[in-house]
Protein chains: 2
Amino acid sequence: MRGAPAELTERHRDVLRAIIQDYIASAEPVGSRSVARKYGFRLSPATIRNVMADLAELGYLAQPHTSAGRIPTDRGYRIYVDSLMDRHPLTRAQEGMIEKRFCHVQGEVGDLMREATKLLSGLSRSVGVVLAPRVDQLAIRRIEFVQQSAERILVILVTTSGQVHHKMVALDEVIPQEELNKMARLLNAMVEGMSLSRVRQLLVKKMAEEKAMYDELLRQALKLGQKSFAEETEGEVYIDGTTNIMHEPEFADVEKMRAIFVAFEETSKLVKILDQCLGQQGLSLIIGSENVLREWQRLSLVMAPYYSGEQLLGTLGVIGPTRMDYDKIVPLVDFTARLVSRSLTEVAS
Amino acid sequence: MRGAPAELTERHRDVLRAIIQDYIASAEPVGSRSVARKYGFRLSPATIRNVMADLAELGYLAQPHTSAGRIPTDRGYRIYVDSLMDRHPLTRAQEGMIEKRFCHVQGEVGDLMREATKLLSGLSRSVGVVLAPRVDQLAIRRIEFVQQSAERILVILVTTSGQVHHKMVALDEVIPQEELNKMARLLNAMVEGMSLSRVRQLLVKKMAEEKAMYDELLRQALKLGQKSFAEETEGEVYIDGTTNIMHEPEFADVEKMRAIFVAFEETSKLVKILDQCLGQQGLSLIIGSENVLREWQRLSLVMAPYYSGEQLLGTLGVIGPTRMDYDKIVPLVDFTARLVSRSLTEVAS
DNA sequence: GTTAGCACTCTCATTACGTGAGTGCTAAAA
DNA sequence: TTTTAGCACTCACGTAATGAGAGTGCTAAC
């Protein structure tokens, strides 16, 4: 009667790696025999079995039922990605192909995001996601007011990165388009190049300063500006390839699949998860039950941040079943994030 | 040995109606017994069976297998919606609720569309779709050029209905923002209130006229204008509630469901289908195999056009399994289209 | 420490069989 | 002529029995 070993020997690690790779490839519980045979261990199945029993006791492997092989637990995947995985870097050809698809996109930032999403989902055969930059944090290039009806004004905001946002603002007084143009000019001079959040602070300060209100136009402009910039913007996510995961045997059951799709539809929760990744330095990996949200516990996320120059803008990556091909997907996400950063940095300059 | 009757008697119609309604409610083949019992016919099952045999021979009913009840064919549904259906109008309470949700949306057109989509999917428990207005056909309120980088210009287009569209245009010469503003002013004066398609014609004509090109600025402006308005815009669709149809027993099979979802993802095909509906006068109904596209033949569409004043803008409605509750959904779509039209008409005035 | 051997467990595919719902046909009743 | 009762027949579906196969854990020998 032997207890579990205090720590993993090299053999433990080899066996665990083999089992996880086999399971990722086949989606079936893997038995001692096939580990011994396929992975060139010069050991008998019985020995492997002992090792597997240790790994199970330590919580890295589980058994669907007594007479089946082992499957990795989320803890097993975690140790795998942290220290066992052999990353399969992209081939030169793949990299070239990806680069080509990006230089094709000359247009606006939205197109770039969409393209990245498609690329991620296509190459990973899973779900691609991109958390778009928050407008709050982007530098403003231009603001414009267009009168829509007597008391409603369309506010258009252009960022230096080329994103366009618009919203409707209701006013309690009628301002002719002529005046609106003047106000826009005033504000443009004031805010160009600043981030939305800084603009908000500035406006508050200015309004306090101008208490005397010599200039009626300026007063109105500041007021309108404040209304226009008021709301915190919600993060926007691009998502693509949701149908890909229908192939995965783990979602063969319709009820499970429905749960996943409902989760994808609730973008606000997804944004919260992605925001967490944004806080991390570098690549983040969330595996199954590491996620707080119930609906997401059968899924894993591989996310990487992207930048414009030095400025952190958002995060992008892949969502798939916990049994996803980390070897391939981690380099893919990494490379894509780098390319997107490069494109955005070029546009800004 | 009797052949099928030349035309349907009142009894045939009653039985067919009963069968279809029962099948829509239960999703199970319906037998002669239950028709006779549940629907208050004062006839024996045997008599009903004779009627059912007639209806089957005429192609309105089918049998999944010899010893099962009957289910409606697409032809059966067609005659049902054309002449057998009893529409269940919305209750006053429901109408009130819907109206409330719409007056809540004061903002821009996109919000209105999104809200309508959600409403349709929520109340129908199926998939809601809205085909957004083509920019081509809308009157332009304003055009604006923003310099993005040396040779790239962001073109922003505002329609009178309050939609904002933007695209990136590449130039072969550098034009300072100052000049861009002047050009925008020139063009605005020229095109305000016209539809995009008319603007295109106008620009071609003007360019021919101005062959002499006295005015260099005007020449450049026309050229930039032409580039900005060049492309035909693709129809945009809003879609919501796709997860709803996962409940339906006809899609219990994962492979079938996957096919449907892939179809939903291919919006360009969907746009084509919706464009057809746009050509129709009033409400259009496409039932199962009436649709040309293979992937859509298990689904039905109930669509209605919406307007701003007199002008036809787009179409909206519900997609569901052929076995959908037409009695309820037809009035729902009808009412929603009317409300959306009202909202849009108000905004434009 | 490693391995062969073996009894044991559990899933999964196959087969067989009974049940029930529903049909089509025929002949009698209305 | 129309309607109905009666009956044999068909077919899907659920249940149970069976056997093969994969894999395990344990023991004892190497």
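Every chain is numbered from 1, with letters handed out A, B, ... down the list of sequences.
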_Side-chain donor or acceptor of A:Glu28 paired with backbone N/O of A:Tyr23 under 3.5 Å_ =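 Not confirmed, A:Glu28 side chain does not pair with A:Tyr23 backbone.
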*So, does B:Thr315 use its side chain to make a donor-acceptor pair with the main chain of B:Ala304 at under 3.5 Å?*
yes
*Across the strands shown, which category fits B:Thr47 at heavy-atom distances under 4.0 angstrom: base, sugar-phosphate, nothing?*
base
How long is the span from the [atom1] atom in [X] to the [atom2] atom in [Y], to the nearest 0.5 Å?
X        : Y        : atom1 : atom2 : result
A:Leu84  : A:Leu8   : CG    : CG    : 8.0 Å
B:Asn291 : B:Ile286 : CG    : CD1   : 5.5 Å
A:Asp327 : A:Ile24  : CG    : CD1   : 6.5 Å
B:Leu270 : B:Phe264 : CG    : CZ    : 8.0 Å

*Pull out every residue in residues 22-42 of chain A that has a heavy atom closer than 4.0 Å to any atom of DNA chain D, ordered by number, or say none.*
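Nucleic-acid contacts, sorted: A:Gly31, A:Ser32.
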*Answer yes when A:Asp325 and A:Arg125 have at least one side-chain N-carboxylate O distance shorter than 4.0 Å, and no when they do not.*
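Salt bridge absent between A:Asp325 and A:Arg125.
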_From B:Arg37, B:Lys38, B:Arg323, residue fulfilling salt bridge (Lys or Arg N to Asp or Glu O under 4.0 Å) relative to B:Asp22_ =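 Only match with B:Asp22 under salt bridge (Lys or Arg N to Asp or Glu O under 4.0 Å): B:Lys38.
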_C:dT11 phosphate, OP1 or OP2, under 4.0 Å from A:Ser67 side-chain N/O_ =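 False: A:Ser67 side-chain N/O out of range (4.0 Å or more) of C:dT11 OP1/OP2.
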*If only side-chain N and O atoms of B:Arg70 are considered, is one of them under 4.0 Å from the OP1 or OP2 phosphate oxygen of C:dA21?*
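Answer no for this pair, as no side-chain N or O of B:Arg70 is under 4.0 Å from OP1 or OP2.
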_Could you tell me how far apart A:Asn50 (CG) and C:dA4 (P) are, to the nearest whole angstrom?_
13 Å
*Would you mind reading off the distance between B:His65 atom NE2 and C:dG22 atom P, rounded to a whole angstrom?*
10 Å
*Nucleotide range of DNA chain D contacted by chain B, 5' to 3', under 4.0 Å to a heavy atom?*
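Reading along DNA chain D, I get D:dT3 to D:dA12.
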_Assuming nearest nucleotide by heavy-atom distance, tell me which of B:Leu43 and B:Thr66 is located more 5' along DNA chain D._
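Residue closer to the 5' terminus by nearest nucleotide: B:Leu43.
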